[in-house]
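Just so it is clear, the values below take in all heavy atoms, side chains as well, and ignore hydrogens, waters and symmetry mates. For ligands, and for the atoms within them, numbers begin at 1 and follow the listed sequence.
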Amino acid sequence: MGEAPALHVDDLQDGAQNGLELKNGTCKATATIGDKTYVIGGADDGTLSIEVQIFDRNLGEWVRPTVRGTKPGSCKGLSAVPLEDKILILKKGSKPDDQIWFLEVDTQYVRQQQEYLGTEVVAWSKGVVGKAEKPVVISGPSGVGKGTLISMLMKEFPSMFGFSVSHTTRAPRGMEKDGVHYHFTEKSIMEKEIKEGKFLEFASVHGNLYGTSVEAVELVADAGKRCILDIDVQGARSVRASSLEAIFIFVCPPSMEELEKRLRDRGTETEEQILKRLRNAKAEIEQGKSSHIFDFILYNDKLVESYDRLKKLLGLDDYVTTPKSGPGEVDLPIDHSVSKIDNKIIINRISSGEKESKNLIILDVSSLKGGAPGRTRGLNFQAIGSFSNGLTEIEGLS
Ligand SMILES: Nc1ncnc2c1ncn2[C@@H]1O[C@H](COP(=O)(O)OP(=O)(O)OP(=O)(O)O)[C@@H](O)[C@H]1O
Ligand SMILES: Nc1nc2c(ncn2[C@@H]2O[C@H](COP(=O)(O)O)[C@@H](O)[C@H]2O)c(=O)[nH]1
């Protein structure tokens, strides 16, 4: 609290209007929500590192908040538009897939973190253009066949699904690769990263620590894919309680005998570990069936039939595989002005004398989904170009 900022209160007094870029050797944009003015940006040294400070108008004090989420990389300037509980940030001079970000200031996730930490918290979430499907959480006892079903899905729909690579403190099995099957890590390192808020969820499972990092989920969204999480029931419960909207599927074995056979035949665990996993399976199945965490229960008896049922649950039963284009991208003009009408953000190119350019971009923020921890989905845009011959071209993505 009260740490001396690079910016002075006087800079804000007259000019605390939203979206302002302050010119005092700094390059910052401001946005006011309620009693707080958020000052976002840093030193104007060509590549701007994006920091956040808050001026609490009630207290007349500067606050440096705890910042959650992966912060945006440096840029050449930025614009800020306050929305209800978050601030839309438009980065200038960044790659098209890195231009739209949200700084959450009063969302469910931010409030949870504020309660947990007892400090002021803001959270970054990158914007993803176009339709992005909800992540899929798959749980079930060890050996039921979650990994097998997920591999089949990823093989049939490689451009549609991406796997959230968890962290674990257990040792790798023979064929497992670090960074592909898991991020294999030390307990002390993982515990430190959990404290730093890097995990969406974590749990102690069969004697080891497992967890889904925020980054693991973000990486899949950034690739324009639907994220699949293979996590235990405790993890599923935590994700259900978080602001990550997902579909929850519990995979059940046809019987305990069959589950034991699958675990033994897989041959990856010691006798002691198999017995531990079977003991835990009973409680997991009970919770999976009776709790209200899961949207669907999938019995994995005959593999091919179970896989077909899984595809049906995900609306893929009559899906014809067609090449998919990457995630939608908006290329914002570096010099632009920004205004807001209802749920539409109007980004206007400041004329540079080009003959054929998209002069106006309309960003629709009425259907935003998801958010920190993770990406903000559901951004739609229209680019409107006016040409020297008087014609207007409209191109959009929804
Ligand atoms: N429907 C099925 N019928 C027979 N065997 C199956 C079926 N599904 C999976 N298996 C086999 O059961 C074993 C366990 O499957 P898998 O490794 O996918 O389980 P899992 O749920 O991912 O386990 P864990 O949680 O321990 O990672 C594997 O050897 C797999 O080939
Ligand atoms: N809560 C979480 N559970 C996880 C995660 N990654 C995996 N798991 C679950 O652990 C068990 C055992 O897995 P194994 O690879 O050691 O056989 C299994 O039920 C997984 O679903 C995670 O990130 N969080």
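- Counting heavy atoms from C-beta on, the side chains of L88 and F102 come closer than 4.5 Å.
- Between H167 and F184, a ring centre-to-centre spacing not shorter than 6.0 Å is recorded.
- Residues meeting the salt bridge (charged side-chain N to carboxylate O under 4.0 Å, His left out) test with D295, sequence neighbours left out: R240.
- For the pair K261/E257, no side-chain contact is recorded, criterion being any heavy-atom separation below 4.5 Å from C-beta on.
- Among D301, D232, T148, the residue whose heavy atom lies closest to atom 15 (O) of ligand 1 is T148.
- Distance from atom 19 (O) of ligand 1 to its nearest protein heavy atom, with residue and atom name: G145 N, 3.2 Å.
- When every heavy atom of P82 is checked against every heavy atom of I33, the shortest pair comes out as CB-CG1, 3.9 Å.
- Summary of contacts: the protein heavy atom closest to atom 13 (C) of ligand 1 is R262 O, 3.9 Å.
- With a 4.0 Å cut-off on non-hydrogen atoms, S306 does not touch ligand 1 at all.
- For residues 212-255, the ring pair (Phe, Tyr, Trp, His ring centres under 6.0 Å) pairs, not counting sequence neighbours, are F250-F294.
- Using a non-hydrogen distance threshold of 4.0 Å, R277 registers as a contact of ligand 1.
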Ligand 2 N/O to protein N/O, distances under 3.5 Å:
| from | atom 1 | to | atom 2 | distance (Å) |
| --- | --- | --- | --- | --- |
| ligand 2 | 1 (N) | E201 | OE1 | 2.9 |
| ligand 2 | 1 (N) | D232 | OD1 | 2.7 |
| ligand 2 | 3 (N) | D232 | N | 3.0 |
| ligand 2 | 6 (N) | S166 | OG | 3.2 |
| ligand 2 | 6 (N) | D230 | O | 3.3 |
| ligand 2 | 13 (O) | Y182 | OH | 3.3 |
| ligand 2 | 15 (O) | R170 | NH2 | 2.9 |
| ligand 2 | 15 (O) | Y182 | OH | 2.6 |
| ligand 2 | 16 (O) | R170 | NE | 2.6 |
| ligand 2 | 16 (O) | R170 | NH2 | 3.4 |
| ligand 2 | 16 (O) | Y210 | OH | 2.5 |
| ligand 2 | 16 (O) | R277 | NH2 | 3.0 |
| ligand 2 | 17 (O) | R173 | NH2 | 2.7 |
| ligand 2 | 17 (O) | R277 | NH1 | 2.7 |
| ligand 2 | 21 (O) | D230 | OD1 | 2.7 |
| ligand 2 | 23 (O) | S166 | OG | 2.6 |
| ligand 2 | 23 (O) | E201 | OE2 | 3.3 |
| ligand 2 | 23 (O) | G211 | N | 3.3 |
| ligand 2 | 23 (O) | G211 | O | 3.1 |
| ligand 2 | 23 (O) | T212 | N | 3.4 |
| ligand 2 | 23 (O) | T212 | OG1 | 3.3 |
| ligand 2 | 24 (N) | E201 | OE1 | 3.4 |
| ligand 2 | 24 (N) | E201 | OE2 | 2.7 |

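- A salt bridge is absent between K276 and E269; no separation between the charged side-chain nitrogens and carboxylate oxygens falls under 4.0 Å.
- Checked by atom type, the side-chain pair R266/T268 shows a donor-acceptor distance below 3.5 Å.
- Within the 4.0 Å heavy-atom criterion, neither part of L149 lies near ligand 1.
- Scanning all protein heavy atoms for the shortest distance to atom 8 (N) of ligand 1 gives N300 ND2, 3.2 Å.
- Remark: ligand 1 and R266 share an N or O pair separated by less than 3.5 Å (distance only, no angle test).
- Residues L90 and L363 are in side-chain contact: their nearest non-hydrogen atoms beyond the backbone lie under 4.5 Å apart.
- At a threshold of 4.5 Å between non-hydrogen side-chain atoms, the residues I194 and M190 count as touching.
- Distances from ligand 1 to the non-hydrogen atoms of G143 include at least one value under 4.0 Å.
- For F202, the ring-ring contact (aromatic ring centres under 6.0 Å, His included) criterion is met by no residue, not counting sequence neighbours.
- Close contacts of ligand 1 with L303, meaning ligand atoms under 4.0 Å from a residue heavy atom, involve 1 (N), 2 (C), 8 (N).
- Heavy atoms of P141 come nearer than 4.0 angstrom to ligand 1 in at least one pair.
- Salt bridge present: R264 and E260 bring a charged side-chain N and a carboxylate O closer than 4.0 Å.
- In this structure, NZ on K76 lies 9.5 Å from OG on S74, to the nearest 0.5 angstrom.
- For atom 22 (O) of ligand 1, the closest non-hydrogen atom of the protein is G147 N, 2.8 Å.
- The protein atom (non-hydrogen) at minimum distance from atom 25 (O) of ligand 1 is K146 NZ, 2.7 Å.
- If you check each of S142, A281, G267 against atom 26 (O) of ligand 1, the one with the closest non-hydrogen atom is S142.
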